[in-house]
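Within every chain, numbering begins at 1; the chains are lettered A, B, ... in the order of the sequence lines, protein sequences first and strands thereafter. What's counted below: heavy atoms across the whole structure, side chains too, no hydrogens, waters or symmetry copies.
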Number of protein chains: 2
Amino acid sequence: MPAAQEPTDRGPAAGRPRRGLAEKRQSITRAARTVFARDGFTRASVDAIAAEAGVSKRTIYNHFTDKEELFRSVLIESAGSVATWHREVLSRHLDKITDLERDLTAFGLAWASPPREFADHFALVRQIHAEAGHLPPDVIEAWQETGPRAAFRQLSHRLGELADEGLLDVDDTDLAARHFALLAVSDVSQGSLFGALEMPESEVNSIVATGVHTFLRLYGPGGTA
Amino acid sequence: MPAAQEPTDRGPAAGRPRRGLAEKRQSITRAARTVFARDGFTRASVDAIAAEAGVSKRTIYNHFTDKEELFRSVLIESAGSVATWHREVLSRHLDKITDLERDLTAFGLAWASPPREFADHFALVRQIHAEAGHLPPDVIEAWQETGPRAAFRQLSHRLGELADEGLLDVDDTDLAARHFALLAVSDVSQGSLFGALEMPESEVNSIVATGVHTFLRLYGPGGTA
DNA sequence: ACAGGTAAACTACACCGTGCAGTGCAACAG
DNA sequence: CTGTTGCACTGCACGGTGTAGTTTACCTGT
């Protein structure tokens, strides 16, 4: 429901939707994402979001009926943008394989240490986990679908292709994707309390490298170590 | 809830601290754990906790200076009791090995599906993750130490022993413990949104079994598949 | 052993201050 | 005319306190 609908087609002759209009909405959701990520739904105040967005509180209620609707919008939008980013990363590192372990490691590293712009998002994910009991199930469902599951499917698909090319020895691509995520990424996530704590880059490197290595022990071609 | 530390026998020349009254404190922390787990720190109201505990709000402020101090107490107490439970589970399934894969699977299953009484705790953990940025670092540190890290150390130690007995092929026991936790338990956790969502028992069984099987492909003796 | 005393612990309830979601409205800008 | 702003304002929920009165657990005196 909160997807990127917005027909916004006001009037025939009246001319295009005012340019500043949609941008306001975006600056609101951006600010909201930051504040929600930092403070959580309950602690975050609409006034704080308005301030962060450089917008009057009234304008927020002009675009969103509710604090909760705002939250939901932020959720899905954020999941979408991260899924896009994830697809890029996947494509950048895994489209052309030169050295499998090297490329997988680079991919895992990029995945495990997202750019600052997406740090908000992962804090937001922690909020979702905590709030799950207070969120409508369909919202959670929508988030999972556009976010993590989409990312998973892409990885799974690509691993399948690599297997077809003989670079990997995989029969259950979904399982392999899960294992890659667990070994290379979740290990980092858990160590850093899911992004809540800082982790020295060297340690991230080490964990990802070990994770990828382990992954290849499981799925490397020829069952080699 | 933790060990049996309250004999309740009013045997000798009584005690300085009144007996029946001191247990109010425990009913408060128990109720607080439930409410904090369900609603999170911010959303949870002291009045709600008082009601849940069957105690007047004033009594709570009689035992704890602060809502935050109450939260901290709940945190550490809960982590401790779960660590105890975890030690029991580990001991029950891994003290005597008859069939390694079978025993490991039973252990992972027990770990991944804690009894109802501890459901609160894991909800609480999700709250910690979300609140991490608003929690004093020493509190987080204390929680990690008495909780997850303690559990980890035990598992790591036991895996080392099993390796010594030739049942496993492990050189880095910490890494092996992490891998076991990731493959057998985290996979379940993530699928169920860390306990926020229900997961059919059959799926839990399947995931754990697969995880243990994979673990043994990595660490099984003789490097067998 | 039992009546009564004592103080600590507890309760009920009113109360303060504050912060916050959400609204109404008049003035203003493209 | 549509969207925005600033601001005042309502209503409410909550953290925390003060207090006066009641219960409880223990300690006596007889």
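A donor atom on one side chain and an acceptor atom on the other are found under 3.5 Å apart for S56(B) and T59(B).
Residue H63(B) places none of its side-chain N or O atoms closer than 4.0 Å to OP1 or OP2 of dA9(C). At dC10(C), none of the side-chain N or O atoms of S56(B) fall inside 4.0 Å of OP1 or OP2 (strictly under the cut-off). Taking only side-chain nitrogens and oxygens, T59(A) never comes nearer than 4.0 Å to OP1 or OP2 of dT4(D).
Contacts of K67(A) classified as side-chain contact (heavy atoms from CB on, under 4.5 Å), with partners at least two apart in sequence or in another chain: F36(A), F41(A), V46(A). Residues forming a ring pair (Phe, Tyr, Trp, His ring centres under 6.0 Å) with W111(A) (at least two apart in sequence, or on another chain): H86(A), F107(A). Qualifying side-chain contact (heavy atoms from CB on, under 4.5 Å) partners for H157(B), counting only residues two or more places apart in sequence or in other chains: E161(B).
Residue pairs meeting the salt bridge (Lys or Arg N to Asp or Glu O under 4.0 Å) criterion with at least one partner in residues 35-56 of chain A, sequence neighbours excluded, are R43(A)-E131(B), D47(A)-K57(A). The salt bridge (Lys or Arg N to Asp or Glu O under 4.0 Å) pairs that include a residue from residues 178-192 of chain B are R178(A)-D187(B), D187(A)-R178(B), where partners are two or more places apart or lie in different chains.
In this structure, CG of N62(A) is placed 17 Å from P of dC1(D), rounded to the nearest angstrom. Distance CG (D39(B)) to C1' (dC14(D)): 13 Å, rounded to an integer number of Å. Note: CD (E69(B)) to P (dG15(D)) measures 15 Å, nearest angstrom. Across the protein-nucleic acid pair, I49(B) atom CD1 and dC14(D) atom C1' stand 12 Å apart, rounded to whole Å.
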Please produce a list of atom pairs where a protein N or O lies less than 3.5 Å from an N or O of nucleotides 20-23 of chain C.
| from | atom 1 | to | atom 2 | distance (Å) |
| --- | --- | --- | --- | --- |
| dA21(C) | OP1 | A44(A) | O | 3.1 |
| dA21(C) | OP1 | K67(A) | NZ | 2.9 |
| dA21(C) | OP2 | V46(A) | N | 2.9 |
| dG22(C) | OP1 | D66(A) | OD1 | 3.4 |
| dG22(C) | OP2 | Y61(A) | OH | 3.2 |
| dG22(C) | OP2 | K67(A) | N | 2.9 |
| dG22(C) | N7 | K57(A) | NZ | 2.9 |
| dG22(C) | O6 | K57(A) | NZ | 2.9 |

